[in-house]
A.B. asks: 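Can you read through this structure? Questions will come right after.
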Amino acid sequence: MAMAGESSNNNYGDCDGKSHRKVGLVYDETMCKHDTPNGEDHPECPDRIRVIWEKLQLAGVSQRCVVFGGSKAEDKHLQLVHTKDHVSVVKSLSTKKKDYRRNRIASQWNSIYLNGSSSEAAFLAAGSVVELAEKVAEGELDCGYAIVRPPGHHAEPDEAMGFCLFNNVAVAASYLLDERPELGVKKILIVDWDVHHGNGTQKMFWKDPRVLFFSVHRHEHGGFYPAGDDGDHNMVGEGPGEGFNINVPWEQGRCGDADYLAAWDHILIPVAKEFNPDIILLSAGFDAAIGDPLGGCRVTPYGYSVMLKKLMEFAQGKIVLALEGGYNLDSIAKSSLACVQVLLEDKPIQGSSEAYPFESTWRVIQAVRKKLSAYWPSLADVLSSNLIDQKTSTPIIVFSSSDSETEDYADDILDQMSRLNIENHHVDTVSTSWRRDLSKVDVWYASFGSNMWKPRFLCYILGGQVEGMKKVCVGSMDKTPPKQIMWESFPHRLFFGRESSVTWGVGGVAFINPLTNLNDQTHMCLYRITLEQFNDVLFQENGLKVDSDSPLFGLDTLQLVEKKGSIPLASGGWYGNIVCLGKECDIPILTMTCTLSAVEKFKSGEIPLRPPSEAYVNTMVRGLVEGGRLSEEEAKAYIDNAASKPL
Ligand code: Q9C
Ligand code: ZN
């Protein structure tokens, strides 16, 4: 454990001959004990904080800071933003003797794993940010960086989410405002530059004008994690908090320094001047960093250093960074070092950025300014056309990530299935009557292709379009998101066949052999949806309208498939074979693949096997990595293996 005494130097401005600010760092090895229960790899891994700490030590900067070990948050402080229930559920995790009890709790939350040390780490993470914020607010320190995990900004009042158990930054903000009025902190600016939207923090201060929450995140019209509308720029807060919530939702990935700095210069900095915060808390995730496996953005250490420098102009430089996400170990270590050098006011970090923001970036910035100008006069001016003409255009997308492997067949199917009355847009009582029955039955839809990537699958439910897709999905009639998501492996052979598809261009698409083989293992992401939604997925996979007056797969067929294992569908097509892989919680697990006779043709060479295109591989790898199933390396090897073995 790092102890305060480890700080080799408490005499600021003389020992090393340079004057610098009094910077606090929190690092505590105990927070490394929070890990997956079964030793599986996960992007939010213990090494994240270790590599940051080691980098700061090797660079000789931690020795110039005041270092603290973590301290545990008090229940009553956690309860300033969380429910009593949530605090006690997290506390109880450590006393559970069996992993399965914790697994059950974890499975009720979105993207959470738990082990026997998760609770301790969560209390330490929150408590450490509280302690550091207190010391900065008191003036004992000028600023600081809490290198903590688990992260916090997705955690909501009553639930853990997105690798986060307690909302560390929100707890610290409420602590200063509600528990330490004598410190005079009346206005707090929370900046969240993690690549994901800080949904939890937003919710906690939604009606609170004392906290200005600013989040810049990859949003993709609600397709990027955490999916939905919460991160939209129209979400400005409510009641007395109206105007004190600012979202800058990127429409695309690949955003880098130029995009982020444009958001700083044209939104955050002018608003911060007007708001004039007493202290800044920074939800410092580094998953928008170049090289991050989840973020897909391109911020450099230099970019982070400039963003931070600009924030240090406010609140007399009182700023507290708390680590949130960031999953490329090298990127987060370098970005963290750049930030601590800025906190220490060392000489500016060297670097350069790409020249211009994306066209979509200017569009987003203009929309945010327009919406927020009602509350912040400094945003009212229209940006000059000279400025917004400076842009990088987005390359034309030449493939679609639609998983519709039947797409080239779609025209044939449309003919065959004219009985589905696909041109008819009206929804009458006949066409919806089957929906009522099927909406009451749950199934697991098991995906092994690009649908493993959740945002891509969600397009079939919520409607919309994610990176790489040519067309917008209409979504299901019932837009309830999957009730549960889980990963499992099945003893089936994954393989790739066909010359090309409209979706992915040249290269094969994924199938599994409907027959089991205990030597094989296919990773699948299971989405718990209704049978009605499953039909809407089938319709969309087959290029059909969702307002059909009969289901493709009804209760009778469900019964049949549970008995027989697999049945071909009337739709024909490449994915017209529904296979039942078993049951989970007494709910049937269904997937779609080719028929057995097609497998025979693949075996004989009558239909050629083909490796998948790069774009298709990337989407599958992304699904496996973001889902926490495999590391990037493992995912690539897994796909590569399936694509290169003979059948
Ligand atoms: N199929 C932070 O960066 N992805 N959290 C889950 C599920 C969750 C990220 C994908 C990403 C959470 C703090
Ligand atoms: Zn994140």
Side-chain angles (χ1 to χ4, degrees), residues 34 36 42-45 48-49 106-107 109-113 121-122 125 129 148-156 159-170 191-202 215-220 223-228 230-231 249-250 253 255 282-289 292-297 299 322-328 331-332 335 445-448 450-459 461 466 481-488 523-529 619-630 632 635:
H34 166 58
T36 54
H42 191 283
E44 206 288 276
C45 63
R48 294 177 60 240
I49 56 174
S107 73
W109 289 325
N110 170 338
S111 306
I112 291 290
Y113 64 76
V129 180
V148 295
R149 65 183 288 275
H153 73 152
H154 293 306
E156 299 217 338
E159 76 190 282
M161 180 179 162
F163 319 157
C164 304
L165 298 179
F166 292 136
N167 196 319
N168 310 319
V169 163
V191 175
D192 187 332
W193 73 31
D194 184 283
V195 77
H196 303 97
H197 177 234
N199 57 288
T201 317
Q202 167 169 304
S215 179
V216 54
H217 43 270
R218 189 168 164 190
H219 186 57
E220 291 178 355
F224 197 71
Y225 190 91
D230 281 5
W250 299 139
C255 289
L282 180 54
S283 267
F286 292 108
D287 42 11
D292 190 275
L294 269 60
C297 288
V299 178
L323 181 65
E324 298 278 3
Y327 307 100
N328 178 313
S331 306
I332 62 177
S335 304
Y445 162 60
S447 57
F448 50 81
S450 64
N451 280 332
M452 289 187 294
W453 189 40
K454 184 177 160 195
R456 194 269 162 272
F457 173 70
L458 281 183
C459 292
I461 303 293
V466 287
K483 298 185 181 105
Q484 249 177 301
I485 300 177
M486 129 179 117
W487 287 82
E488 247 177 79
H523 296 284
M524 299 200 201
C525 183
L526 278 55
Y527 300 95
R528 184 169 164 182
I529 56 178
T619 307
M620 287 185 285
V621 167
R622 203 159 167 182
L624 289 157
V625 172
E626 287 190 28
R629 188 63 177 174
L630 298 178
E632 198 171 357

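First listed ligand is number 1; within each ligand, the first listed atom is number 1.
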A.B. asks: Note the single closest protein heavy atom to atom 8 (C) of ligand 1, along with its residue, its atom name and the distance in Å.
C.D. replies: Phe163 CZ, 3.6 Å

A.B. asks: Would you mind checking which non-hydrogen protein atom is closest to atom 7 (C) of ligand 1, with the distance to 0.1 Å?
C.D. replies: Ser111 OG, 3.8 Å

A.B. asks: Take the angle between the ring planes of Phe224 and His196 and call it parallel below 30°, perpendicular above 60°, tilted in between.
C.D. replies: parallel

A.B. asks: Verify the distance test for His154 against the Zn ion (ligand 2): any N/O/S atom under 2.8 Å, yes or no.
C.D. replies: no

A.B. asks: In a check of side chain to side chain donor-acceptor pair (under 3.5 Å) between His197 and each of His153, His217, His219, Gln202, which one passes?
C.D. replies: Gln202

A.B. asks: Restricting to N/O/S, name the atom of Asp287 that gets closest to the Zn ion (ligand 2).
C.D. replies: OD2

A.B. asks: Using only atom types and a distance under 3.5 Å, with no angle test, would you say the side chain of Arg528 pairs donor to acceptor with the backbone of Ile485?
C.D. replies: no

A.B. asks: How about His42 and Tyr113: are their ring centres within less than 6.0 Å of each other?
C.D. replies: yes

A.B. asks: Could you walk me through whether Thr201 and Asp192 pass the side-chain hydrogen bond (donor to acceptor under 3.5 Å, both in side chains) check?
C.D. replies: CA-CA 9 Å; Thr201 317; Asp192 187 332; 4.8 Å; no

A.B. asks: Taking N, O or S atoms only and a limit of 2.8 Å, check whether Glu324 reaches the Zn ion (ligand 2).
C.D. replies: no

A.B. asks: Side chain, backbone, both or neither: which part of Asp287 comes within less than 4.0 Å of ligand 1 when only heavy atoms are counted?
C.D. replies: side chain

A.B. asks: Under 4.0 Å from a heavy atom of Asp194: give me the atoms of ligand 1 that qualify, with their elements.
C.D. replies: 3 (O)

A.B. asks: Which atom name would you report as the N, O or S atom of His196 nearest the Zn ion (ligand 2)?
C.D. replies: ND1

A.B. asks: Identify whether the distance between the nearest side-chain nitrogen and carboxylate oxygen of Lys454 and Glu626 falls below 4.0 Å.
C.D. replies: no

A.B. asks: Nearest to atom 4 (N) of ligand 1, what protein heavy atom do you find, and at what distance?
C.D. replies: Glu626 O, 3.6 Å

A.B. asks: How far is atom 2 (C) of ligand 1 from its nearest protein heavy atom, and which residue and atom name does that atom have?
C.D. replies: Tyr327 OH, 2.8 Å

A.B. asks: Which of the numbered atoms in ligand 1 are below 4.0 angstrom from a heavy atom of His196?
C.D. replies: 2 (C), 3 (O), 9 (C)

A.B. asks: Given that the side chain starts at C-beta and the backbone is N, CA, C, O, which of these parts of Asn110 lies under 4.0 Å from ligand 1, counting heavy atoms, or is it both or neither?
C.D. replies: neither

A.B. asks: Below 4.0 Å, non-hydrogen atoms only: which portion of Glu44 touches ligand 1? Side chain, backbone, both or neither.
C.D. replies: neither

A.B. asks: Can you tell me which residue and heavy atom of the protein come closest to atom 5 (N) of ligand 1, and the distance to 0.1 Å?
C.D. replies: Gly162 O, 3.0 Å

A.B. asks: Just jot down the ligand 1 atoms closer than 4.0 angstrom to any heavy atom of Pro151, in number order.
C.D. replies: 13 (C)

A.B. asks: Could you state the interatomic distance from CE (Met452) to CE (Met620), rounded to the nearest 0.5 Å?
C.D. replies: 6.5 Å

A.B. asks: Could you go through Tyr445 and Asn451, starting from their C-alpha distance and side-chain angles, then the distance that decides it, and tell me whether this counts as side-chain hydrogen bond (donor to acceptor under 3.5 Å, both in side chains)?
C.D. replies: CA-CA 10 Å; Tyr445 162 60; Asn451 280 332; 3.0 Å; yes

A.B. asks: If you consider just the N/O/S atoms, which atom of Asp194 is the closest one to the Zn ion (ligand 2)?
C.D. replies: OD1

A.B. asks: Applying side-chain contact (heavy atoms from CB on, under 4.5 Å), run through Leu624 and Trp453 and close with a yes or a no.
C.D. replies: CA-CA 7 Å; Leu624 289 157; Trp453 189 40; over 6 Å; no

A.B. asks: Cut-off 3.5 Å, side chains only: do Tyr225 and Asn199 have a donor facing an acceptor?
C.D. replies: no

